Structures are given as C-alpha cells and as structure tokens.
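Throughout, a chain's letter reflects where its sequence line sits, starting with A, and its residues are numbered from 1. Bear in mind the structure is a predicted one, so any value in this text is a computation, not a measurement.
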Protein chains: 2
Amino acid sequence: MTQKADHQILENQLCFPLYAASRLVTRLYQPLLEQYKLTYTQYIVLMILWQNDGLSVKQIGKKALLNSNTLTPLLKRMQQAQLLERIKNESDERQIDIKLTAKGWQLKQGLACIPQQLISQTDYDTEKAKQLKTLLEQLITQLK
Amino acid sequence: MTQKADHQILENQLCFPLYAASRLVTRLYQPLLEQYKLTYTQYIVLMILWQNDGLSVKQIGKKALLNSNTLTPLLKRMQQAQLLERIKNESDERQIDIKLTAKGWQLKQGLACIPQQLISQTDYDTEKAKQLKTLLEQLITQLK
DNA sequence: TTGAATTATATCGTGCGCGATTTAAGTGTC
DNA sequence: GACACTTAAATCGCGCACGATATAATTCAA
C-alpha cells in the first residue's frame, strides 16, 4: 500500500470518531447537567470561572476556544439564570468582566459528583482515558 | 491537593479535550469543504453514501449517530444542492431512501485530496493518529 | 492631537444537534 | 377486520458554533 493511500484512509477515519465521541460524551453529561438547567458549554464555562473568577469574555474565550459570537449570548443566558454578573471593566470599558454569583459558586458543590458518576456509569478504563487525554491535548496544541 | 479536588478542574477532565479537538478538526476541514459549499456534517453523510448508496434516513442515522431531527433538514439542503435524491421506498412508504446524484458522486473525486492536504498542513504524527483513532473507537463502542 | 489602526464585545444569519412531539405507515393480536 | 402498538420521518423549539460585520473604546503614529 502506498503512503498516500494509507494517509487518505487514516485521516478520513480520524475525523468521524472525534466528532462522534465528542457528541456521545456530551450526551452522557446532559442528564446530569439538566438537573441544574445547565448546558454542556455552560458547564465548561463554569469550570473555567471556578478556577479563575473575574475573567473577561476574551479570556474565557481563549480558554474555551470560543469567540464572543458564541460567548456573549451564552453568558447573557447564564446571567439571566443568576449564575454570574457581567461587569464593565473600569479601566478598559470595552471589556466585560464575568464574576460568579453565590449561586454560580454553589453549583460547584452540586456538580462535584459528576466526574465520578460518569466514571462509574461507563467504567471506561482509567489508563486509556489518560492516554486519550494526552493524545487529544497534543492534537489541540498542534491545531490551536 | 486531594484527588477529589482535581477531578473538577477543566484540564483534568476528558470532556473538554474531546470537545475542543473535535471543533478544531472541524475548523480545519471547513475551508476545504467551503469550496464545494459543503458543511462538515454533510461531508460525513457523503462519505457514508459513497460507501453505501441508497440507504434510508434511519440507516444513515445509525452510521452517523444522528436522528431524523438533524438528518431530515440536512438531507433536504443536500437535495436542494442536487447532491442526492430522496425517494419514498415502494415496499415501506414510511421510509425515505437516499440516492446520490451524478453531482454527489463527482464530489468524491474533488474531495479525494482533502486528507493529504490536511496531513501536510498539520504534519500530525501518523502513529499517534492511529492510536487516537483506536482509543476513540473503543470509547464510542462503549458509549453507543 | 487627531485620524488611522487595533481591540473587545455585540449582533446577525445559517446550520447543526437534539429532546419532545406529531404524522403516517406498517405490524401484531384478538 | 378493528384497534392498540410500533416504527420512520418530519416538525418544533432552543442553544450552541461560527463566519461576517458592526460598534465602541483604546492605542498608535505622524
């Protein structure tokens, strides 16, 4: 088999497993997040803020790999749900800083059980999960 | 730091790398697909049909892990673009069979170069890609 | 210091994804 | 044969994703 043909097959097959696995994992999270009326992307943003509250939209976007066209409406919905506040930065009025409310912080406790629940629910091998995570991160670094 | 505290951090979860990598790969495909006015999901469906023309909506959904609520509008758009025909099955009139048009088949040639272009563009290690693919497929099998 | 370039966020339009429901066709049971 | 049950698509509503563009604040350069 030529190198060329090999590449073609391999690469064609990598794109779909990524796409499918990502959606399947999202579906796994959904019933757990639903109890808190959260979407998957909102959960991602919450995790970013728990670790680093007060970030600007831009800074959140850099971590989540999302732009304002996705984040602005999402953050407004989260503000409506009283999970966070959107505060105009004093020294640079273009910037909106996002600060979690008490309710936003409380969710951290409620959602703490999610990772373990998912692990026990799927019993996916921990070693494989680690490998997969490493490979994905390398891919991300290369593409980012 | 406790093991428990670790779990909830974005960087330590598998969910985010999967989500991010999937979107980054989609973005990589997009400029190439755009020339043919295709979306990423339409490309997935095309690949399925190239391999197995004449499938029903249900059968395509089984392969793509998508339901009619996603597929019906998507297939209608592809029909509009004259890439395929939607034909009511004679022996079971609930079923819609999807058949590629000449134009749909022609795209197979045009898009053949995509995998190579992506590889040369990213030079992602072939061995790692293979490993990643295997791990993803195992995960998918478990979650499907 | 003033006008051009840059930057941060917002807005708009389109196409997914997907839960929930509807419609219509086929199947099974009595 | 009638009626419940199942199945395949379609429809609806909502929330992302994201390219393109707009708006407003800041910075830079002549």
Can you see if the side chain of [X] gets near the phosphate of [N] - specifically, an N or O under 4.0 Å from OP1 or OP2?
| X | N | value |
| --- | --- | --- |
| Arg27(B) | dA17(D) | no |
| Thr39(B) | dT14(C) | no |
| Gln30(B) | dA17(D) | no |
| Tyr40(B) | dG15(C) | no |
| Gln42(B) | dC16(C) | yes |

Q | base_contact_polar (dT7(D) base, Arg94(B) side chain, donor-acceptor, <3.5 Å) | A |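 A donor-acceptor contact between them is present.
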
Q) Is any N or O donor-acceptor pair between the side chain of Thr72(B) and the base of dA9(D) shorter than 3.5 Å? A)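 In this structure, the two groups form no donor-acceptor pair.
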
Could you check whether [X] gets within reach of a base, just the sugar-phosphate, or nothing at all, counting any heavy atom under 4.0 Å?
| X | answer |
| --- | --- |
| Leu74(A) | sugar-phosphate |
| Ser56(A) | sugar-phosphate |
| Lys76(B) | sugar-phosphate |
| Ser22(B) | nothing |
| Asn67(A) | nothing |
| Ser68(A) | base |

Q) Which word best sums up how the rings of Tyr40(A) and Tyr19(B) line up, parallel for under 30°, tilted for 30 to 60°, or perpendicular for over 60°? A)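 Ring orientation, 0 to 90° scale: perpendicular.
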
Please state how far atom [atom1] in [X] lies from atom [atom2] in [N], giving the value in whole angstrom units.
| X | N | atom1 | atom2 | answer |
| --- | --- | --- | --- | --- |
| Glu93(A) | dT23(D) | CD | P | 19 Å |
| Leu66(A) | dC16(D) | CG | C1' | 9 Å |
| Leu75(A) | dT9(C) | CG | P | 10 Å |
| Ile96(B) | dG26(C) | CD1 | P | 12 Å |
| Tyr19(B) | dC16(D) | OH | P | 9 Å |
| Tyr43(A) | dG15(D) | OH | P | 20 Å |
| Leu32(A) | dG19(C) | CG | P | 14 Å |
| Leu33(B) | dG15(C) | CG | P | 15 Å |

Q. If we only count heavy atoms from C-beta on, is the Tyr29(A) to Gln13(B) side-chain gap below 4.5 Å?
A.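 Yes. Closest side-chain heavy atoms under 4.5 Å.
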
(Q) Among dA10(D), dT9(C), dC16(C), which nucleotide has an atom closest to any side-chain atom of Thr70(B)? (A)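 From the listed options, dC16(C) comes nearest.
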
(Q) Is it the case that the side chain of Asn67(B) and the backbone of Asn69(B) share a donor-acceptor pair, with hydrogens and angles ignored and the cut-off at 3.5 Å? (A)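 Here the side-chain-to-backbone pair does not exist.
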
For the atom pair [atom1] ([X]) and [atom2] ([Y]), what is the distance rounded to the nearest 0.5 Å?
| X | Y | atom1 | atom2 | value |
| --- | --- | --- | --- | --- |
| Leu75(B) | Gln80(B) | CG | CD | 12.5 Å |
| Lys130(B) | Leu135(A) | NZ | CG | 14.0 Å |
| Leu118(A) | Leu143(B) | CG | CG | 9.5 Å |

Q: Would you kindly compare Asn89(A) and Glu34(B) by the position of their nearest DNA chain D nucleotide and give the one closer to the 5′ end?
A: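 Nearer the 5' end of the strand: Glu34(B).
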
Q: Identify, between Lys88(A) and Thr41(A), the residue whose nearest nucleotide on DNA chain D lies closer to the 5' end.
A: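 Final value for this comparison: Thr41(A).
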
Q) Nearest nucleotide by nearest heavy atom, which residue falls closer to the 5' end of DNA chain C, Asn69(A) or Arg23(A)? A)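 Going by which nucleotide is closer to the 5' end, it is Asn69(A).
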
